[in-house]
Amino acid sequence: MINHVRVRYAPSPTGEPHLGNIRSALFNWLYARASGGQFIVRIEDTDRARLVEGAQDSILDALRWLGLDWDEGPGMEGEYGPYIQSERQALGIYQEHTDWLIENDFAYQCYCSPERLAAMRQAQQAASKSPGYDRHCRDLTEKERAEFLKQSPSPVVRFKMPTDGDIVIDDVVRGEVKFDSALLDDFVILKSDSFPTYHLANVVDDHLMKITHVMRAEEWLPSAPRHKKLYEAFGFAMPELVHLPIILGPDRSKLSKRHGATSVIYYRDQGYLSSAMLNFLAMMGWSLDDSSEILSREQLLTYFTLERIHASPAVFDKDKLEWYNGMYIRDMDPKTLSEQLIPYLEADVTGLPASVARPIDREYLTAIVPLERERLKRLSEAPEMFEFFFTDDLEYDQALLIQKGMDADGARAAAEQALAVAEAASDWSTDGLEVAYRALVEETGLKAGQLFGTIRTAISGRTATPPLFDMMSVLGRERVIARLQAAARAR
RNA sequence: GGCGCAUUCGUCUAGUGGCCCAGGACAUCGCCCUCUCAAGGCGAAGAUCACGGGUUCAAAUCCCGUAUGCGCUACCA
């Protein structure tokens, strides 16, 4: 049986790659790969006014980052190209199809001015009638057309929708959905700049590119009946429709900039791992069972099915994304993590202080990483978290040296004693240091928490750190001694 | 306003007529571990399955209605 799956991701280059948008790309990709089909990327740049410079690159970057490779599309020319609609427009593809529709009485030129349309809409609203084009130009005589054409030489083209009867579309996720034709107007398929609207371009290209499944966000469901009529007029076979649930913000409206960052690129830059993002995105609108939370790319590929796509919308939960990220960070080996951390650490403004020489010591870094790994939620937290390992002069509130039940003199004394032990230590390993300092606890009569707390602050400048002796061992005797000396001098 | 879709813990979800006085995960809280912070382990709290009617011996699951939310209603996608 030859039912070769071909799906597509068709972004409009009008901004940053939106989380919801990339989630659609992911589902398409997953389905293509899971079924041995093809994943096609098509750039829908028919809105010349809203085009954003660089948006296409940034969308493709997001795809590459997540490892969503495409079989045909920009940079991967296949037999159904070109894959950028403006290039297809230049080839006359949409014009030809539009002409055919007009010749066969499925479409007509409309000469109505934007002013007339606006006035019409206003009147409809005032009379609280359902809005829609009044078909003013649908049944003009040849003579009238010629007359109007003189006044508006670049008309739009509208598609003739049926005026009554139901249009039933079949959606894989939602089943049959019925629309009343009387409520659907004659929509524009070709704009006055001779670029197609989404509806025309989408139907024509999906057919020409042999797309078998149209998987897109739910907000497109209301336009499905228009597309169906277009397919019928052309005599094209209808692809399967799969409308994905929308991704919502915390206030339950469609996720948008006012909810904060929505760009996948932003999350990448913040230090979210692509594996975590992939897993998280997959679980928004799809799930495997009652217990699987962590699913690798490979597992996703083997388990993904259309049947398990949800119908109801999902709220974007940043906390859960962070949890996923932490899980995946902890799962990384120190070497790989170190490499990924370097750009964040060496970055100019957001990285380690300028006083820290670049490139940073890779070996030292690799020793630090195992100590901090389980504390990292985002790679971008590393500079702040690792800073004390690299800087020579620690700045901190010296009151932090004084532990519960101690006074300033006690803290100074503790630092001095700790210093003496550091200077005398013969074994600088984690275990060796622990033996030496446990002995000091006995000797001083301080509580372990008190002594260790003072040392912790002395050598790190903070109260929350990795385990003390691991930290001392990695910092090295020289740094530890210098820092204990400073603490002993504290006043 | 019209049309459409959706509706299980705060959030993501399991659940397709009896296994459910509803299971898991995130977040929250507590305990344990412990030199701090994490991580981890254990536990708690949290859902009258939106509401109201049916159908059935039996409904979160099927049907009808209502409500609420969201989406669409452009020469934007």
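Since we're looking at a predicted model, the values are computed, not measured. Note on naming: letters A, B, ... go to the chains in the order of the sequence lines (proteins, then strands), and numbering restarts at 1 for each one.
Shortest non-hydrogen contact noted between His199(A) and Ser223(A) is CE1-CB, 3.6 Å. Of all heavy-atom pairs spanning Ile265(A) and Glu16(A), the tightest one is CB-OE1, 4.0 Å.
Checking side-chain atoms of Thr454(A) against main-chain N and O of Ala415(A) turns up no donor-acceptor pair under 3.5 Å.
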Nucleotide-resolved protein contact map, nucleotides 60-71 of chain B, B/S/- at heavy-atom distance under 4.0 Å: ----------SS

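Of the N and O atoms on the side chains of Ser473(A) and Asp470(A), not one donor lies less than 3.5 Å from an acceptor on the other residue. Judged by distance alone, the side chains of His243(A) and Arg174(A) never bring a donor and an acceptor atom under 3.5 Å apart.
Here the straight-line distance linking atom CG of Asp164(A) with atom CG of Asp180(A) works out to 8.5 Å at 0.5 Å rounding.
For the C1' atoms, the distance linking C63(B) with U56(B) amounts to 12 Å, nearest Å. Taking atom P on both A59(B) and A44(B), the two are 29 Å apart, rounded to the nearest angstrom.
Phe195(A) has its CZ atom 17 Å from the P atom of C75(B), to the nearest Å. Computed from coordinates, the Phe469(A) CZ to U34(B) P distance equals 14 Å when rounded to whole Å.
Looking at the side chain of Tyr198(A), the nearest of the listed nucleotides A14(B), A77(B), C12(B) is A77(B). Ranking G1(B), C26(B), A77(B) by closeness to the Asp317(A) side chain, first place goes to C26(B). When each of C12(B), C37(B), C75(B) is scored by its nearest atom to the side-chain atoms of Arg158(A), the top-ranked nucleotide is C75(B). With A14(B), C35(B), A77(B) as the candidates, the nucleotide lying closest to the side chain of His310(A) is A14(B).
The residues Asp317(A) and Lys320(A) are annotated as not salt-bridged, no charged nitrogen and carboxylate oxygen being separated by less than 4.0 angstrom. For the pair Arg258(A) and Asp251(A), the salt-bridge criterion is met [side-chain N within less than 4.0 Å of a carboxylate O].
Pro466(A) comes within contact range of at least one nucleobase, with a heavy-atom separation under 4.0 Å. Among the protein residues, Pro250(A) comes within range of no part of the nucleic acid, since none of its heavy atoms lies under 4.0 Å from any strand. Across all strands, Lys377(A) comes closer than 4.0 Å only to sugar-phosphate atoms, never to a base (heavy-atom distances). Residue Ser192(A) is in base contact, counting any heavy-atom pair closer than 4.0 Å across all strands shown. When heavy atoms are screened at a 4.0 angstrom cut-off, Arg174(A) is found touching the sugar-phosphate backbone but no base atom. Residue-level contact check: Thr46(A) touches the backbone only, with heavy atoms under 4.0 Å from sugar-phosphate atoms and none from bases.
Between Gly285(A) and Leu376(A), it is Gly285(A) whose nearest contact on RNA chain B lies nearer the 5' terminus. Residue-to-nucleotide proximity on RNA chain B shows that, of Ser291(A) and Lys178(A), the 5′-proximal contact is made by Lys178(A).
The partner of C21(B) cannot be assigned: no Watson-Crick or G-U wobble pair with both contacts below 3.5 Å exists in any strand. For U28(B), the paired base is A44(B) (Watson-Crick or G-U wobble, both distances below 3.5 Å). When both pairing distances are held under 3.5 Å, A39(B) makes no Watson-Crick or G-U pair with any nucleotide shown.
In terms of polar N and O atoms assigned as donor or acceptor, the side chain of Lys320(A) comes within less than 3.5 Å of the base of A25(B) in a complementary pairing.
Of the residues in residues 7-16 of chain A, those lying under 4.0 Å from RNA chain B by heavy-atom distance are Ser12(A).
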Heteroatom pairs (N/O) under 3.5 angstrom, protein to nucleotides 50-52 of chain B:
none

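Aromatic ring orientation, His227(A) versus Tyr198(A): tilted (interplanar angle from 30° to 60°).
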